[in-house]
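The structure appears below as structure tokens.
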Amino acid sequence: NAGVMQNPRHLVRRRGQEARLRCSPMKGHSHVYWYRQLPEEGLKFMVYLQKENIIDESGMPKERFSAEFPKEGPSILRIQQVVRGDSAAYFCASSPRTGREKLFFGSGTQLSVL
Amino acid sequence: GENVEQHPSTLSVQEGDSAVIKCTYSDSASNYFPWYKQELGKRPQLIIDIRSNVGEKKDQRIAVTLNKTAKHFSLHITETQPEDSAVYFCAASTPSGNQFYFGTGTSLTVIP
């Protein structure tokens with residue numbers, strides 16, 4: 001089992017560009033969570049998805065941010081028109097069942113906005 | 001929603017001593033409390049968890065205690081070693097499981 005795979009590990013974007021972060025959950029997992037982490041801060045919940053459904057996006061900014069988890073393929077966190085404040089580590093985690101199972105984290109994507 | 005507070009934010013101990021990290025939560029419906037260890041530049045990894053029907057759980061040098069009445073839970077690391085140095089996060093989850101609410105982390109340094 002390869003674990004939760006995130007790519008790219010590092011992503012550099014200029015202000016105004018788009019950032020696309022990918023997450024492939026562990027085999028057999030159908031629940032994906034995205035978290036954002038700023039230096040020396042905790043993990044801030046952004047969005048929780050199941051296959052083809054957004055279950056809870058209460059932690060995600062209403063503008064510029066979107067997430068999807070299609071029937072086939074990885075989950076995508078998309079940030080449009082990036083700003084310097086978007087620079088952070090973005091972690092994806094997967095779980096086989098809602099809330100009752102352990103979260104397994106990916107290695108994260110470090111987004112740097114120039 | 002749930003609010004998880006974690007203390008202290010930094011902790012330094014001598015090798016061989018014990019370390020204790022404490023968390024409180026606000027939602028009495030929360031029933032699952034995992035602890036994650038994050039080494040510098042790496043992913044958070046689950047080290048121990050406890051469910052609300054249990055008061056204490058131990059795994060070698062690591063133990064977690066839960067007080068449902070007071071709504072707090074603690075991580076205890078005994079006989080600390082330099083490789084225990086990392087940031088530790090507590091979390092709480094409700095039965096709906098839509099979110100895992102994380103504390104702000106404790107940076108533990110074990111001094112050889």
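Throughout, protein chains are lettered first and strands after them, A, B, ... in sequence-line order, and every chain is numbered starting at 1.
Sparse packing is recorded around CD of B:Glu79, with 12 or fewer heavy atoms of other residues, nucleotides or ligands lying under 6.0 Å away. Heavy-atom contacts from other residues, nucleotides or ligands closer than 6.0 Å to CZ of B:Arg61 number more than 12. Within a 6.0 Å radius of CD in B:Glu83, other residues, nucleotides and ligands contribute more than 12 heavy atoms. Shown here is A:Gln81, whose CD atom has no more than 12 heavy atoms of other residues, nucleotides or ligands within 6.0 Å. For NZ of B:Lys58, the number of neighbouring non-hydrogen atoms (other residues, nucleotides, ligands) closer than 6.0 Å is 12 at most. Applying the 6.0 Å contact sphere to CG of B:Leu40 captures no more than 12 heavy atoms from other residues, nucleotides or ligands.
Neither the backbone nor the side chain of B:Pro34 comes within contact range of chain A, judged by heavy atoms closer than 4.5 Å. Contacts between A:Gln110 and chain B at a heavy-atom distance below 4.5 Å are absent for every atom of the residue. Neither the backbone nor the side chain of B:Gln45 comes within less than 4.5 Å of any heavy atom of chain A.
Counting heavy atoms from C-beta outward, A:Phe45 and B:Tyr101 have side chains that stay 4.5 Å or more apart. Residues A:Tyr35 and B:Phe102 have side chains in contact (heavy-atom distance under 4.5 Å, counting atoms from C-beta outward). Residues A:Gln6 and B:Arg43 fail the side-chain proximity criterion, which asks for heavy atoms closer than 4.5 Å.
Residue B:Gln38 holds its CD atom at 4.5 Å from CZ of A:Phe91, rounded to the nearest 0.5 Å. Interatomic distance, A:Phe105 CZ to B:Leu46 CG, rounded to the nearest 0.5 Å: 9.5 Å. Atom OH in B:Tyr32 sits 4.5 Å away from atom NZ in A:Lys102 (nearest 0.5 Å). One distance of note links OH of B:Tyr36 with CG of A:Leu103; it measures 4.0 Å at 0.5 Å rounding.
Each of A:Phe104 and B:Trp35 belongs to its own hydrophobic cluster when Ile, Leu, Val, Met, Phe, Trp and Tyr are linked at side-chain heavy-atom distances under 4.5 angstrom.
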